[in-house]
Amino acid sequence: MLKKTVLRKKSDFSLLYNKGKSVNDRYVVLFLKKNGLPYNRIAFLASKKVGNSVVRNRARRLMKESYREIKEHMDIGYDFIFIARKTICNLKCADVQKSMEAAIKRAGAFKRKF
RNA sequence: UGGGUAAGCCAGACAGCUGCGUGUCGCGAAUGCGACAUGAGGAAAGUCCGGGCUCCACAGGGCGAGGGUGCCGGAUAACGUCCGGCGAAGGUAACUUUAGGGAAAGUGCAACAGAAACAUUCCGCCGAAACAGGUUAUGCUGUGGUAAGGUUGAAAUGGUGAGGUAAGAGCUCACCGGCGGCAUGGUAACAUGCCGGCCGUGUAAACCCCACUCGGAGCAAGGCCAAAUAGGGCGCAAAAAGCGGCUGCCCGUCGCUGCCCGGUUGGUAGGCCGCAUGAGCCUGUCGGUAACGGCAGGCCUAGAUAGAUGGUUGUCAAAUACAGAACCCGGCUUAUAGACUUGCCCAUUUU
RNA sequence: UCCAAGGUAGCUCAAUGGUGGAGCACUCGGCUGUUAACCGAUAGGUUGUGGGUUCGAGCCCCACCCUUGGAG
């Protein structure tokens, strides 16, 4: 992942939380917003409610891995924040991937297949 | 064979596909691309101690206050850690546990109950001796002697037995316990023996006394570069005062506060060093009961910065515990599925 | 990452080492035609957990758990 594709500024986060669109799914929560850039910017979060550091790391890794699989099919020009929910622990990667796909589809940022 | 006890060790492995961080090399103008190598723990955790490192003044003077440790000897850079020993407690035993200096230096506390929680006569016991009064007479009254018995309590001023006495009492004796002195053994804590006198309880994880010891803050320390409206320039002053740091006060000392230019009450903050060769790890050998130390040879083994180890498939009976480095080491404490090794003790059976 | 403070009844807080209490709330009774207010009574506690010191710990000491706050 390139460095410019990672969201890191506090202002970006608060802008997304306040102005962005949010979608809930079973295992993840997604915030997104158009950013007007020719690439996507991503952040993966897992709060302390999810568990200890091992569980939080695993949650982030699962989301990263899933994102790598599905990023080919996503629209360009958005900021995304994926937040892990408590239900994510003890899951396989495929389940997380499905959940993320569903969330993105509902948000309307999925490329139409043709 | 069963039960127990002590010590140690491991913390999935292998293969395929596919991803991530770092380093080296090659290509490229460059964000990069490719190849190879390497990439979390026994506790990385809690942050409870001790150090290194950095800055404050190289750890300052005086007064005062505070914290820590606490049987003895050793190990160590140091420690509240570790090793060995002593005493005490527990266990049939192997063995385990142990903050374990001082209570006649002083102060405090010991609720309720009880006569009394410093030494005191409430109920008792005695009438031998001494004094006063009284009775026909008699401990009858005051005084006196006594701490053996009673009640209470966690605890009642050494315990048990015998002698002794008016009644009693370490008053005397024997044994036990405690204290002091001496001798022997031991580096020492202490142990054993002899002698002496007869000795007021508990609490110091209450204040305290004694001995030893402790400066403060912390890698977001601290330094460099770039950028900046967050600061910069350097002409004058360098004495006083104020504020802040050095844990309280005084001294001392360090930093900031002045004028000029520019700017304003907002949330910006990038890169590099520190930062991975260290009280380092492994093997052998020597010294030591051991902790540990000496010598020789070999090895280089994470370094991220929104934070790198993941996903998936197959085989092994099963792969699942606790859990993720953030400046680094030595410990302690706590969490932990399962697998394995060795010594010792007890019980049973067989020879 | 580092440093502090705290944990007591359903809630907010007290309590010299010596029987754990107050206010509000709950329940019951009274007052009232009824409700509120008011009056009276009852109940409710492993003092965060586990060890230790002590005759005796909410309090003293040690370890752990949880919560809150601060530095930046």
Side-chain angles (χ1 to χ4, degrees):
Chain A
M1 214 185 310
L2 300 180
K3 269 190 180 171
K4 62 182 181 180
T5 67
V6 177
L7 271 176
R8 53 180 68 183
K9 294 198 177 181
K10 196 174 180 182
S11 56
D12 293 337
F13 276 92
S14 42
L15 205 70
L16 263 169
Y17 286 135
N18 293 327
K19 302 264 176 78
K21 188 175 175 187
S22 80
V23 177
N24 282 328
D25 201 79
R26 199 161 159 202
Y27 305 126
V28 295
V29 178
L30 170 65
F31 284 84
L32 82 165
K33 186 178 176 300
K34 285 201 177 177
N35 61 0
L37 295 171
Y39 49 87
N40 286 339
R41 292 191 299 178
I42 307 283
F44 301 100
L45 300 184
S47 80
K48 264 195 175 170
K49 278 186 210 164
V50 174
N52 58 24
S53 55
V54 173
V55 176
R56 294 201 302 273
N57 264 334
R58 181 172 164 79
R60 281 212 304 275
R61 283 169 188 158
L62 285 173
M63 290 193 289
K64 270 188 197 173
E65 181 67 21
S66 307
Y67 173 73
R68 202 171 59 80
E69 295 285 327
I70 62 179
K71 70 178 173 189
E72 306 294 323
H73 311 295
M74 286 166 66
D75 264 351
I76 302 292
Y78 285 92
D79 285 343
F80 294 97
I81 301 179
F82 291 96
I83 301 173
R85 304 183 70 180
K86 223 176 181 176
T87 47
I88 206 170
C89 44
N90 300 326
L91 284 184
K92 289 267 182 177
C93 186
D95 299 326
V96 178
Q97 193 178 326
K98 269 184 213 159
S99 173
M100 282 171 66
E101 270 181 30
I104 294 165
K105 269 181 197 164
R106 252 187 292 157
F110 215 70
K111 261 185 200 166
R112 281 181 220 92
K113 288 184 182 171
F114 41 82

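The sequence lines fix the lettering, A, B, ..., with proteins before strands; numbering per chain opens at 1.
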K.L.:
Taking the P atom of each, how far is B:A191 from B:G102, in whole Å?
P.N.:
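Result for the P pair: 14 Å, nearest Å.
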
K.L.:
Should A:Glu65 and A:Arg68 count as side-chain neighbours, where that means a heavy-atom distance under 4.5 Å?
P.N.:
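In contact.
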
K.L.:
Among all residues two or more places apart in sequence or in another chain, which pass the salt bridge (charged side-chain N to carboxylate O under 4.0 Å, His left out) test with A:Glu69?
P.N.:
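Testing A:Glu69 for salt bridge (charged side-chain N to carboxylate O under 4.0 Å, His left out), a comparison that skips the adjacent residues, returns none.
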
K.L.:
Please classify the glycosidic conformation of B:U257 as syn (within 90° of 0) or anti (everything else).
P.N.:
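That one's anti.
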
K.L.:
Starting from the 5' end of RNA chain B, give me the residue, A:Leu45 or A:Leu62, whose nearest nucleotide shows up first.
P.N.:
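Checking each residue's closest nucleotide, the 5'-ward one belongs to A:Leu45.
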
K.L.:
Suppose we define a pair by two distances each less than 3.5 Å, Watson-Crick or G-U wobble; what does B:C171 pair with here?
P.N.:
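WC or wobble partner is B:G163.
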
K.L.:
Expressed as a whole number of angstroms, how long is the span from A:Glu69:CD to B:C20:P?
P.N.:
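A:Glu69 atom CD is separated from B:C20 atom P by 12 Å.
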
K.L.:
Determine the Euclidean distance between corresponding P atoms of B:G100 and B:G70; express it in Å to zero decimal places.
P.N.:
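So the two P atoms sit 9 Å from each other.
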
K.L.:
With syn defined as a glycosidic angle within 90° of 0 and anti as the rest, where does B:G42 land?
P.N.:
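Chi for B:G42 falls in the syn range.
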
K.L.:
Using the test side-chain contact (heavy atoms from CB on, under 4.5 Å), find all partners of A:Ile104 that sit at least two apart in sequence or belong to another chain.
P.N.:
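For A:Ile104, the residues satisfying side-chain contact (heavy atoms from CB on, under 4.5 Å) (neighbours in sequence not counted) are A:Leu30, A:Ile70, A:Met74, A:Phe82, A:Ala109, A:Phe110.
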
K.L.:
Please name the pair of heavy atoms, one in A:Val23 and one in A:Ala103, separated by the smallest distance, quoted to 0.1 Å.
P.N.:
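In terms of heavy atoms, the two residues are closest at CG1-O, 3.8 Å.
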
K.L.:
Taking only the P atom of each, what is the distance from B:C282 to B:A43 in whole angstrom?
P.N.:
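Nearest-Å result for B:C282 against B:A43 at atom P: 14 Å.
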
K.L.:
Listed by chain and number, what are the salt bridge (charged side-chain N to carboxylate O under 4.0 Å, His left out) partners of A:Arg106, not counting sequence neighbours?
P.N.:
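Scan of A:Arg106 (salt bridge (charged side-chain N to carboxylate O under 4.0 Å, His left out), adjacent residues dropped) gives A:Asp25.
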
K.L.:
What are the two closest heavy atoms between A:Arg56 and A:Ala46, and how far apart are they?
P.N.:
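Closest pair (atom of A:Arg56, atom of A:Ala46, distance): CD-O, 3.3 Å.
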
K.L.:
Work out how far the C1' atom of B:U22 is from that of B:G307, and round it to whole angstrom.
P.N.:
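Straight-line distance between the two C1' atoms is 14 Å.
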
K.L.:
Going by modelled atom types, is there a donor-acceptor pair between the base of B:G310 and the side chain of A:Glu65 at under 3.5 Å?
P.N.:
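Per atom types, the contact qualifies.
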
K.L.:
Mapping A:Ala94 and A:Arg60 to their closest nucleotides on RNA chain B, which lands nearer the 5' end?
P.N.:
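So the residue in question is A:Arg60.
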
K.L.:
Need the glycosidic conformation of B:A40: syn if within 90° of 0, anti if not. Which one?
P.N.:
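In terms of base orientation relative to the sugar, B:A40 is syn.
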
K.L.:
Which stems does RNA chain C form, counting runs of 3 or more consecutive Watson-Crick or G-U wobble pairs with both distances under 3.5 Å?
P.N.:
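For RNA chain C the paired stretches long enough to count as stems (3 pairs minimum) are C:1-7 with C:65-71, C:10-13 with C:21-24, C:27-30 with C:38-41, C:48-52 with C:60-64.
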
K.L.:
Quick one: A:Tyr67 OH to B:G310 C1', roughly how many Å, whole number?
P.N.:
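Checked: the OH to C1' distance equals 17 Å.
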
K.L.:
Say we look at C:G20 and C:G56: how far apart would their C1' atoms be, to the nearest angstrom?
P.N.:
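It works out to 15 Å between them.
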
K.L.:
Using O4'-C1'-N9-C4 for purines and O4'-C1'-N1-C2 for pyrimidines, with syn meaning within 90° of 0, is B:U265 syn or anti?
P.N.:
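B:U265: syn glycosidic orientation.
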
K.L.:
Report, one pair per line, the protein and nucleotides 324-327 of chain B atoms (nitrogen or oxygen only) whose separation is under 3.5 Å.
P.N.:
{"unit_1": "B:G324", "atom_1": "OP2", "unit_2": "A:Ser53", "atom_2": "OG", "d": "2.8"}
{"unit_1": "B:G324", "atom_1": "O5'", "unit_2": "A:Ser53", "atom_2": "OG", "d": "3.0"}
{"unit_1": "B:G324", "atom_1": "N7", "unit_2": "A:Asn57", "atom_2": "ND2", "d": "3.4"}
{"unit_1": "B:G324", "atom_1": "O6", "unit_2": "A:Arg61", "atom_2": "NH1", "d": "2.8"}

K.L.:
Can you name the closest pair of heavy atoms from A:Ser99 and A:Val28 and give their distance?
P.N.:
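So the two residues come closest at OG-CG2, 3.8 Å.
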
K.L.:
Compare the minimum distances between each of B:G310, B:G307, B:U312 and the side chain of A:Arg68, then state the nucleotide with the smallest one.
P.N.:
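Closest nucleotide among those given: B:G310.
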
K.L.:
In chain order, what residues pass the side-chain contact (heavy atoms from CB on, under 4.5 Å) check against A:Val54, with sequence neighbours excluded?
P.N.:
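In terms of side-chain contact (heavy atoms from CB on, under 4.5 Å), with neighbours along the sequence ignored, A:Val54 is linked to A:Asn52.
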
K.L.:
Between atom CE of A:Met63 and atom CG of A:Leu45, what is the distance when rounded to the nearest 0.5 Å?
P.N.:
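Reported to 0.5 Å precision, the distance equals 7.0 Å.
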
K.L.:
Calculate, to the nearest 0.5 Å, the distance between atoms NZ and SG belonging to A:Lys64 and A:Cys93 respectively.
P.N.:
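Rounded to the nearest 0.5 Å, the NZ-SG separation comes out at 13.0 Å.
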
K.L.:
Say we look at C:G18 and B:A206: how far apart would their C1' atoms be, to the nearest angstrom?
P.N.:
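Those two atoms are separated by 15 Å.
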
K.L.:
Which heavy atom of A:Phe44 sits nearest a heavy atom of A:Arg60, and at what distance?
P.N.:
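Reported closest heavy-atom pair: O-CD, 3.3 Å.
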
K.L.:
To the nearest angstrom, how far is A:Phe44 atom CZ from B:G310 atom C1'?
P.N.:
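Distance check: A:Phe44 CZ to B:G310 C1' gives 13 Å.
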
K.L.:
Measuring only the P atom in each nucleotide, how far is B:G274 from B:G231? A whole number of Å is fine.
P.N.:
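These two P atoms come out 27 Å apart once rounded.
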
K.L.:
Which nucleotide in the list B:A308, B:G310, B:U313 gets nearest to the side chain of A:Lys92?
P.N.:
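Of B:A308, B:G310, B:U313, B:U313 is nearest to the side chain of A:Lys92.
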
K.L.:
Please state the P separation for the pair B:A169 and B:U146 - nearest whole angstrom.
P.N.:
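Going atom to atom, P in each nucleotide, I get 13 Å.
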
